[in-house]
Amino acid sequence: MAKVLVVDQDKCTACRRCELACSLKHTGEFNPAAARLSVAAFLDDDYYLPVVCQHCDEPACQAVCPAGAISRDEKTNAVVINEDRCIGCRMCIMACPFGAVDYSVAEQKVVKCDLCQGEPECVLNCPWGALEYKEPAGQALGKRLQIARRVQAALREVV
Amino acid sequence: MYGWIGQLLRVNLSSGECRVEKLDPALARDYVGARGLASKILYDEIDPKVDPLAPENKLIFMTGPLTGTMAISGSRYNVVTKSPLTGAIAASSSGGYFGGELKYAGFDGIIFEGKAAEPVYLWIEDGSCELRPAGELWGKNTHETEDAIKAATCPNARVACIGPAGEKLVRFACVINDKHRAAGRSGVGAVMGSKNLKAVAVRGHGGIKVADGPDFRDAVLAALAKIKANDVTHGGLPTYGTGVLVNVINAHGGLPTRNFQTGIFAGAGKISGEALAENYLVRKKGCLACPIACGRATLVPGGPYAGHGEGPEYEALWSLGADCGVDDLAAVTKANYLANELGYDPISFGATLACAMELYEKGYLPAKDTELPLEFGNAAVLVETARKVGYREGIGDLLAEGSYRLAERYGHPELSMSSKKQEYPAYDPRAIQGIGLNYATSNRGGCHVRGYTVASEVMGVPVQTDPQSPEGKAALVKAFQDLTALVDASGMCLFTTFALGAPDVVSMLAPATGVPYTEASGILAGERIFNLERLFNFAAGLTKADDNLAPRLLEEPMPEGPAKGKTSALAQMLAEYYQVRGWDEEGRVTAATRERLGL
């Protein structure tokens with residue numbers, strides 16, 4: 001199975017190093033507004049979630065592109081935009097359910113995560129492993145264990 | 001320019017005019033940014049003898065060249081002005097997201113002049129700016145203000161504002177940004193209030209260029225590896241926050257208790273970082289670009305002190321806790337929330353309340369002057385005065401003047417635990433000698449973050465020194481003060497220095513700016529900044545006599561614990577300090593030193 005960006009929301013601290021690293025890599029400047037991912041930080045609720053491209057098995061952005069500009073890089077598994085083919089119609093932005101594709105004002109073009117050719121800068125710069133580049137297998141087990149702990153606690157209260 | 005944006009915004013509040021100015025590259029190179037650059041501008045542009053609350057004083061918000069980049073903890077900006085608490089220069093640093101956003105919007109800093117006729121706030125968006133009426137915001141707390149401004153401008157705006165304390169000119173009012181981050185000390189919020197400036201809101205979509213992206217990236221990753229390998233920056237601070245120090249400093253007999261009457265607090269464990277993590281911590285939180293994440297998102301779920309917010313940090317756990325003899329963590333946390341919401345410095349507030357409690361205990365502050373029993377250890381009084389001081393209500397009006405003016409009013413200024421009229425933070429100089437010399441010589445008065453020798457004396461960073469010995473402390477204090485000035489000026493957070501040194505700082509600063517900073521020239525810039533602040537203070541009328549400690553620390557031996565019998569050896573350290581600084585016997589910066597530093 002190919003690797004993707006795997007997010008662990010609990011580990012995120014809302015420092016946004018991922019956005020900064022991403023923008024330097026792709027634009028040569030530090031500009032969170034041009035990053036290919038965003039930390040959705042609901043600060044009043046103490047909830048922070050990095051929202052990233054899922055590099056879907058059946059990408060809506062690819063299916064909707066009228067110019068055939070979006071394809072999968074077989075080496076890295078990234079869903080990437082061929083800038084030479086892109087006509088800038090922004091259909092992909094409308095189609096993506098995660099907001100992973102965006103129009104960069106700074107660069108005047110449609111942009112998305114390309115997994116940095118297999119070495120994502122966001123992962124390198126995340127201090128806490130909230131972002132990992134790995135096969136997305138086994139993600140459920142941790143959650144199942146958490147649920148089981150809650151069931152255990154609930155049972156203790158009543159039994 | 002690289003690192004720096006190259007543009008400053010000058011806002012004349014009297015005329016309402018906003019003007020964009022170019023940043024002078026030579027000035028940026030020599031004073032780096034933030035605390036350094038803003039201090040230079042203040043020194044050049046105002047009469048140091050000006051009344052701090054008069055329109056002639058200026059208020060400067062300034063970022064550093066690393067602010068908003070992915071340099072380690074590159075989140076900081078400074079608010080620089082003449083302090084209404086000390087009469088000396090004030091430079092208060094804050095993190096969060098505001099500083100970076102100011103640069104993304106196209107400005108390194110903002111210089112506020114004059115005074116608005118009516119309350120206003122400044123809205124900056126991608127290079128454009130506008131003063132807007134803030135009459136409806138006046139009176140609102142910092143959280144309400146931020147929410148209202150975001151609703152009126154942009155939900156993604158970053159807001160720095162004052163609360164009621166700043167409006168009411170509480171002498172230790174702060175500027176709060178992102179609801180929980182503070183340019184905390186020396187009353188910079190009162191200066192903002194005196195100018196009828198309620199808030200600054202900013203949103204930007206622009207980028208920060210660096211001179212050598214690949215070199216900068218490599219330097220950052222090397223520094224990040226050091227942060228992650230360090231027990232403080234990747235262990236103690238993220239796990240327990242700065243509050244991890246409560247038990248440590250108490251064990252050294254240096255946790256000032258009941259207005260510095262002793263250095264050991266029996267209830268320390270109850271107000272420690274460990275207790276906070278166990279009871280109220282929701283999650284750790286980082287400022288922009290910070291891999292340390294000492295921030296505490298906390299929740300007190302029920303009871304009389306229920307609330308939600310951030311902190312308290314170590315200094316507030318101490319000032320609101322041990323210094324007032326309070327060991328109720330929920331009450332301390334609630335008082336800290338009130339400080340953030342009403343917009344004032346919890347260190348100076350807690351220490352001023354502790355001073356009032358001792359005045360009350362000794363019968364100097366008569367019961368008829370206060371509607372509350374100001375007894376040490378009274379948690380309800382702590383929380384009630386924490387509210388009153390923000391509005392200058394009743395006894396709060398007296399506390400709002402700070403401990404020195406309060407104690408002087410009742411005829412006992414010696415009971416104010418302060419230098420240059422600013423209250424000490426949470427380390428007793430009788431137990432930790434070097435920090436006492438730093439308190440006495442800090443350019444903004446009693447303060448730990450001008451030269452945090454506790455790192456060396458207690459934690460062994462970068463080398464262990466004996467906390468109870470004054471030997472070698474003059475050079476140690478100077479080294480910490482100069483490095484700190486450089487770090488503050490760069491836009492990085494001081495907490496990085498538990499793991500990083502000057503070589504690491506310049507390894508990021510040089511490729512970011514394209515200025516070939518070396519370890520030597522970086523430290524020299526720090527020394528230049530420190531001496532410039534000193535020149536401002538002496539021009540403002542301060543003298544050698546202000547390089548002093550409260551009489552208690554010099555005369556009353558520590559009554560118990562590891563430092564039992566000790567007093568501060570300030571006189572010995574101070575004479576040596578003037579020598580290593582290149583100052584004369586009266587503490588004046590000599591002509592030779594000025595020339596060496598290009599001042």
Side-chain angles (χ1 to χ4, degrees), chain A residues 8-51 99 102-109 111 116 119-132 146, chain B residues 2-3 66-75 95-97 100-101 103-104 126 143 146-147 156 178-180 203-210 213-214 216-217 220-221 224-225 227-228 233-234 238 281-295 297-299 308-310 512:
Chain A
D8 185 340
Q9 181 272 327
D10 281 337
K11 291 180 178 169
C12 181
T13 64
C15 76
R16 301 178 178 271
R17 290 190 66 80
C18 50
E19 295 177 3
L20 294 166
C22 178
S23 66
L24 179 69
K25 170 81 177 186
H26 290 99
T27 73
E29 299 182 2
F30 292 105
N31 183 358
R36 276 57 166 158
L37 79 175
S38 294
V39 178
F42 305 132
L43 298 173
D44 289 343
D45 303 327
D46 303 322
Y47 185 85
Y48 330 131
L49 176 71
V51 180
D102 198 5
Y103 185 79
S104 168
V105 177
E107 299 153 89
Q108 301 274 299
K109 65 181 184 186
V111 297
C116 299
E119 285 185 70
E121 286 288 307
C122 53
V123 171
L124 268 179
N125 276 282
C126 178
W128 301 104
L131 283 168
E132 289 182 284
Q146 279 178 13
Chain B
Y2 298 107
L66 298 181
T67 309
T69 72
M70 69 174 182
I72 306 300
S73 310
S75 71
Y97 307 101
E101 198 72 24
K103 288 179 76 175
Y104 306 141
D126 288 321
H143 292 196
E146 176 164 333
D147 288 341
N156 297 314
D178 303 292
K179 290 192 177 176
H180 309 285
R203 176 63 177 155
H205 298 81
I208 302 168
K209 293 181 174 65
V210 290
F216 181 74
R217 170 190 176 274
V220 168
L221 286 175
L224 181 61
I227 293 280
K228 289 177 73 172
T233 53
H234 208 63
L281 181 67
V282 179
R283 69 191 297 174
K284 63 178 179 285
K285 179 158 171 262
C287 297
L288 182 67
C290 180
I292 302 174
C294 72
T298 54
L299 173 72
H308 178 224
E310 282 187 30

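Every chain is numbered from 1 and lettered A, B, ... according to where its sequence line falls, protein lines coming before strand lines.
Across A/Ala21, A/Cys126, A/Pro127, the residue that shares the most heavy-atom pairs under 4.5 angstrom with chain B is A/Pro127. Contact count against chain B (heavy-atom pairs under 4.5 Å) is highest for A/Pro32 among A/Ala34, A/Pro32, A/Ala33. Contact count against chain A (heavy-atom pairs under 4.5 Å) is highest for B/Gly207 among B/Gly100, B/Gly74, B/Gly207. Contact tally against chain A (heavy-atom pairs below 4.5 Å) for B/Glu310, B/His180, B/Lys179: the top residue is B/Lys179. Ranked by heavy-atom pairs shorter than 4.5 Å toward chain A, the options B/Pro238, B/Gly295, B/Ala289 are led by B/Ala289.
Under the side-chain contact (heavy atoms from CB on, under 4.5 Å) criterion, B/Ser75 pairs with B/Cys287, B/Leu288, sequence neighbours left out. Considering only residues two or more places apart in sequence or on other chains, A/Glu132 meets the side-chain hydrogen bond (donor to acceptor under 3.5 Å, both in side chains) condition with A/Lys134. Applying the side-chain hydrogen bond (donor to acceptor under 3.5 Å, both in side chains) criterion to A/Ser38, with sequence neighbours excluded, gives no partner residue.
There is no contact between B/Ala225 and chain A, counting heavy-atom distances below 4.5 Å. Neither the backbone nor the side chain of A/Glu19 comes within contact range of chain B; no heavy atoms are under 4.5 Å apart. If you measure heavy-atom distances from A/Leu24 to chain B, the contacts under 4.5 Å come from the side chain alone. Interface residue B/His308: only side-chain heavy atoms are found under 4.5 Å from chain A. Interface residue B/Ile292: only backbone heavy atoms are found under 4.5 Å from chain A. Residue contact with chain B, scored on non-hydrogen atoms closer than 4.5 Å, involves the backbone and the side chain of A/Ala14 alike. Of the two parts of B/Lys103, neither the backbone nor the side chain holds a non-hydrogen atom closer than 4.5 Å to a non-hydrogen atom of chain A. Contact of B/Asn156 with chain A is not made at all, since no heavy-atom distance falls under 4.5 Å.
A distance of 6.0 Å separates CZ of B/Arg217 from CG of A/Leu124, quoted to the nearest 0.5 Å. Here CE of B/Met70 is found 11.0 Å from SG of A/Cys22. Values are rounded to the nearest 0.5 Å. Atom-to-atom distance recorded for B/Thr69:OG1 and A/Arg17:CZ is 8.5 Å, nearest 0.5 angstrom.
Using cut-offs of 30° and 60° for the angle between ring planes, the A/Phe30 and B/Phe216 rings count as perpendicular.
Side-chain contact between A/Cys12 and B/Arg283 is present, with at least one heavy-atom pair separated by less than 4.5 Å. Between A/Trp128 and B/Lys228 the shortest side-chain heavy-atom distance does not fall below 4.5 Å.
Heavy-atom neighbours of B/Lys209 NZ from other residues, nucleotides or ligands within 6.0 Å: at or below the threshold of 12. Environment of CD in A/Gln9: crowded, with over 12 heavy atoms of neighbouring residues, nucleotides or ligands closer than 6.0 Å.
B/Cys290 and A/Cys15 make their closest contact through O-CB, 3.2 Å (heavy atoms, listed as atom of the first residue, atom of the second, distance).
With hydrogens and angles disregarded, a donor-acceptor distance shorter than 3.5 Å links the side chain of A/Asn31 to the backbone of B/His205.
Residue-level contacts of residues 39-47 of chain A with chain B, in order of numbering, are A/Leu43, A/Asp44, A/Asp46, A/Tyr47; threshold 4.5 Å between heavy atoms.
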